[in-house]
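Per chain, numbering begins at 1; letters A, B, ... match sequence-line order.
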Number of protein chains: 2
Amino acid sequence: MIQGDLDKVDIQILKLLQQDASFTNKEIALKLHKSIATVHERIRRLKEQGYIKKIVAILDRKKIDRNLIAFSHVLLKEHTAATLVKFETEVSKFPEVMECLQMTGAHDFILRIATRDMDTYHEFLRNKLATLPNITTVQSYFVLSEPKSETAYPI
Amino acid sequence: MIQGDLDKVDIQILKLLQQDASFTNKEIALKLHKSIATVHERIRRLKEQGYIKKIVAILDRKKIDRNLIAFSHVLLKEHTAATLVKFETEVSKFPEVMECLQMTGAHDFILRIATRDMDTYHEFLRNKLATLPNITTVQSYFVLSEPKSETAYPI
DNA sequence: ACTGAAAGATAGTAGGC
DNA sequence: GCCTACTATCTTTCAGT
């Protein structure tokens, strides 16, 4: 199944809404040379069918005092199904963990951790992450700069 | 400066909009026990002052046929200012590159690459990424599963 | 700062092509 | 699948506290 049953107009709508979901139906209708009702119906369907998962606000993390982003590469001791699920469940409960990704290769999981600063990260590591059972190692890398940061998928 | 000049109500609004930006002012006003006009004015200010950078639609990547997410760890030959900027600029032009992060530690950059499948990634690597000057090595890791995936910062 | 109410714009619905 | 037209709801503004 390639691109489900999306036509050109659907793709254009998704492209626009990925960039800016505060476009009105009227604005989109103008850009795509369709009526407002058509655009409305398309978007309703794209939401209903799950192409659009949610509409969210993206904040400026520096302004809300989340200056440090860490990528923590985690290696576990065992890889039983139960161990993996347990780790995923527990680590997902920490609000500092924005992403938990199970990976191929040298590490089991990559975590994206947002904290105020290095001290706060250190605290998180010692008092939260490192207390989980079954962890072998955690290697921490930190974001120096973000030349590109997109939520939009190429379509 | 801790949390700029945001009060409790601002924080609550940001929390809500990070989770779901399609809440109406009325819904937010009800939740926070404020008037619609107050909520409206708060949100206007939060946008104007840059706390809210943008409102976007988050798509289901599997539905739009972006099944493979790769993290590509890139090491450059030189680290002159010109070299770094050149790399950042060029790599940011590729639509497959959703994120380009300069990192501390063993690698210079981590790239988040979204492609249809392994073949498409391989193609991207050979024909696009690996053609950039000054690259020493690219190590590719792939996402097996996403137990947690959030755009919302903890606040 | 916050509020209620008015005015204007938008989302959402219905019926027909 | 697309449209026009209508209604409900929401955003936005503003005078008043």
Trainee: Calculate the interatomic distance between L30(B) atom CG and dT9(D) atom P; express it in whole Å.
Mentor: 14 Å
Trainee: Spell out, as yes or no, whether a donor-acceptor pair under 3.5 Å connects the side chain of Q18(B) to the backbone of Y153(B).
Mentor: yes
Trainee: Between the main-chain N or O of K34(A) and the side-chain N or O of T38(A), is there a donor-acceptor pair closer than 3.5 Å?
Mentor: no
Trainee: Quick test of your reading of the model: are D60(B) and K54(A) salt-bridged, counting only N-O distances below 4.0 Å?
Mentor: no
Trainee: What is the distance, rounded to the nearest whole Å, between atom NZ of K47(A) and atom C1' of dG12(C)?
Mentor: 11 Å
Trainee: Using a strict 4.0 Å threshold on nitrogen-to-oxygen distance, state whether R45(B) and E48(B) make a salt bridge.
Mentor: no
Trainee: Remember a base hit wins even if backbone is also touched, and classify R42(B) as base, sugar-phosphate or nothing at under 4.0 Å, heavy atoms.
Mentor: sugar-phosphate
Trainee: Any side-chain N or O of T38(B) below 4.0 angstrom from OP1/OP2 of dT3(C)?
Mentor: yes
Trainee: Expressed as a whole number of angstroms, how long is the span from I43(A):CD1 to dT13(C):C1'?
Mentor: 16 Å
Trainee: How close or far is atom C1' of dA1(C) from atom CG of L32(B), stated in whole angstroms?
Mentor: 15 Å
Trainee: OP1 or OP2 of dC3(D) sitting under 4.0 Å from any side-chain N/O of K34(A)?
Mentor: no
Trainee: Does the K63(B) side chain pair with the main chain of Q49(A), one donor and one acceptor, at a distance under 3.5 Å?
Mentor: yes
Trainee: Sub-3.5 Å donor-acceptor pair from the side chain of K128(B) to the main-chain atoms of E96(B), do we have one?
Mentor: no
Trainee: Using whole Å, report how far CG of L6(A) lies from C1' of dG1(D).
Mentor: 15 Å
Trainee: Rounding to a whole Å, what distance do you find between I13(A):CD1 and dG1(D):P?
Mentor: 12 Å
Trainee: Give the B/S/- string for nucleotides 11-17 of chain D, one per nucleotide from 5' to 3', where a protein heavy atom under 4.0 Å of the base yields B, of only the sugar-phosphate yields S, and otherwise -.
Mentor: SBB----
